[in-house]
Asks: 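Handing you this structure, nothing more for now.
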Amino acid sequence: MKKIITFFLVMFLFTINVNAASLCSYEEQNELNSKAANIRVSYESVTEEIQFEDMPSTRDVFYITILNVTEEFYILLKNDINNEEVILTVDDISDGAITYKWDYAETVTNFTIQVYTTNKTNCAEERYKTIYLTTPRYNEFYKYEICQELPDFYLCQKYVTFAPISRSEFATKINNYQNGNIDDDGDIKEEEKDETIIDKAFNFVDEYKWYILGAISIITIIGITIYRIKTKKQRELGL
């Protein structure tokens, strides 16, 4: 099998439970919480070769890897595509990890991975952790010739999470991207960057400079006139 260049690290949310009604002592619960916290999940995209009678072909799949599972726990793995539930235990560990193959690479899939205690503890069947994982889907437009020319455009990425779009919509967005109307992420570009306050001030002065000069002149003349009148009156009064 041929591995794809990127190994995808998982961003996940999890909860760790401390059950007051647990059959385990607080000391054992703390130890179990510590071990559960070490359980990690990641996934890897892989292109597999398939041999048909007439010609070879390939398909893309995902391998979900679960690390640090000990005998105190088992894994209940669910997905939102076919609602299948899979139980994985330490017996499934190979080369230091549990690996689960997911064949639905054409669909974005949400996984719920729950960590339960086994009968190797004093509190079997208690849930100690939940991990959420999403795998992307294979993008059918990736192999289009135009996409080989535009590798940075979001519609040309090999794996994506956005909803499928029609070919006509794809063509429209490609055209907008090539014309510079949208960026790599498909967002509309701003025609002009916002002017700074200083730029706006200079532009205002430049546009209305004659009005401003006229107003300054009028104010200056009025000021001089008032000064002269005031000075004249003071002289007449002998001040």
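In this chain, numbering begins with 1 at the start of the sequence shown.
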Asks: Just by distance, no angles: are the side chains of Asp184 and Tyr177 close enough, under 3.5 Å, to form a donor-acceptor pair?
Replies: yes
Asks: From Asn68 CG over to Ile66 CD1, what is the distance, rounded to the nearest 0.5 angstrom?
Replies: 11.0 Å
Asks: Go through Thr121 and Glu72 one step at a time and tell me if the side chain to side chain donor-acceptor pair (under 3.5 Å) criterion holds.
Replies: CA-CA 6 Å; Thr121 69; Glu72 291 91 349; over 6 Å; no
Asks: Whether Lys101 and Glu48 form a salt bridge (side-chain N of Lys/Arg under 4.0 Å from carboxylate O of Asp/Glu) is what I want to check.
Replies: yes
Asks: Out of curiosity, Cys24 SG to Tyr128 OH, how far, rounded to the nearest 0.5 Å?
Replies: 5.0 Å
Asks: Please confirm whether Trp102 and Tyr43 have ring centers closer than 6.0 angstrom.
Replies: no
Asks: Can you see whether Asp60 engages Thr47 through a side-chain donor-acceptor pair at a distance of less than 3.5 angstrom?
Replies: yes
Asks: Side chain to side chain donor-acceptor pair (under 3.5 Å) for Tyr74 and Glu125? Distances and angles first, verdict last.
Replies: CA-CA 9 Å; Tyr74 72 87; Glu125 300 301 326; 2.6 Å; yes
Asks: Do we see a donor-acceptor contact under 3.5 Å between the side chains of Glu31 and Tyr26?
Replies: no
Asks: Could you go through the side-chain contact (heavy atoms from CB on, under 4.5 Å) check for Tyr159 and Thr135 one step at a time?
Replies: CA-CA 9 Å; Tyr159 297 104; Thr135 54; over 6 Å; no
Asks: Table please: side-chain donor-acceptor pairs of residues 84-99 below 3.5 Å, with sequence neighbours left out.
Replies:
residue : atom : partner : partner atom : Å
Glu84   : OE1  : Tyr100  : OH           : 3.3
Thr89   : OG1  : Asp91   : N            : 3.1
Asp92   : OD2  : Thr89   : N            : 2.9

Asks: Walk me through it: do Asn83 and Asp80 pass the test side chain to side chain donor-acceptor pair (under 3.5 Å)?
Replies: CA-CA 5 Å; Asn83 297 314; Asp80 64 349; over 6 Å; no
Asks: Working to the nearest 0.5 Å, report the span between OG1 of Thr65 and CZ of Arg40.
Replies: 14.5 Å
Asks: Going by atom types alone, do Ser22 and Glu126 pair a side-chain donor with an acceptor below 3.5 Å?
Replies: yes
Asks: Hey, does the side chain of Asn33 reach the backbone of Gln29 with a donor-acceptor pair shorter than 3.5 angstrom?
Replies: yes
Asks: Can you list the steps and then say if Phe73 with Lys129 is a side-chain contact (heavy atoms from CB on, under 4.5 Å)?
Replies: CA-CA 10 Å; Phe73 301 103; Lys129 186 175 183 178; over 6 Å; no
Asks: Give every donor-acceptor pair under 3.5 Å between a side-chain atom in residues 147-154 and any protein atom, sequence neighbours left out.
Replies:
residue : atom : partner : partner atom : Å
Gln148  : NE2  : Tyr142  : O            : 2.7
Tyr154  : OH   : Lys173  : NZ           : 3.0

Asks: Output side-chain donor-acceptor pairs under 3.5 Å for residues 160-170, partner residues at least two apart or in another chain, one line each.
Replies:
residue : atom : partner : partner atom : Å
Ser166  : OG   : Ser168  : OG           : 3.1
Ser166  : OG   : Glu169  : N            : 3.2
Arg167  : NE   : Tyr144  : OH           : 3.4

Asks: So Cys156 and Ile174, side-chain contact (heavy atoms from CB on, under 4.5 Å) or not? Walk me through it.
Replies: CA-CA 9 Å; Cys156 290; Ile174 284 289; 4.2 Å; yes
Asks: Would you please test Asn110 and Thr134 for side chain to side chain donor-acceptor pair (under 3.5 Å) and show each step?
Replies: CA-CA 4 Å; Asn110 297 305; Thr134 298; 2.7 Å; yes
Asks: Taking Ile81's backbone N and O only, do any of them form a donor-acceptor pair with Asn79's side chain (distance below 3.5 Å, no angle check)?
Replies: yes
Asks: Could you go through Glu71 and Thr118, starting from their C-alpha distance and side-chain angles, then the distance that decides it, and tell me whether this counts as side-chain contact (heavy atoms from CB on, under 4.5 Å)?
Replies: CA-CA 7 Å; Glu71 64 178 2; Thr118 67; 5.6 Å; no
Asks: Rounded to the nearest 0.5 Å, what separation is found between the CG atom of Leu77 and the CD1 atom of Ile113?
Replies: 5.0 Å
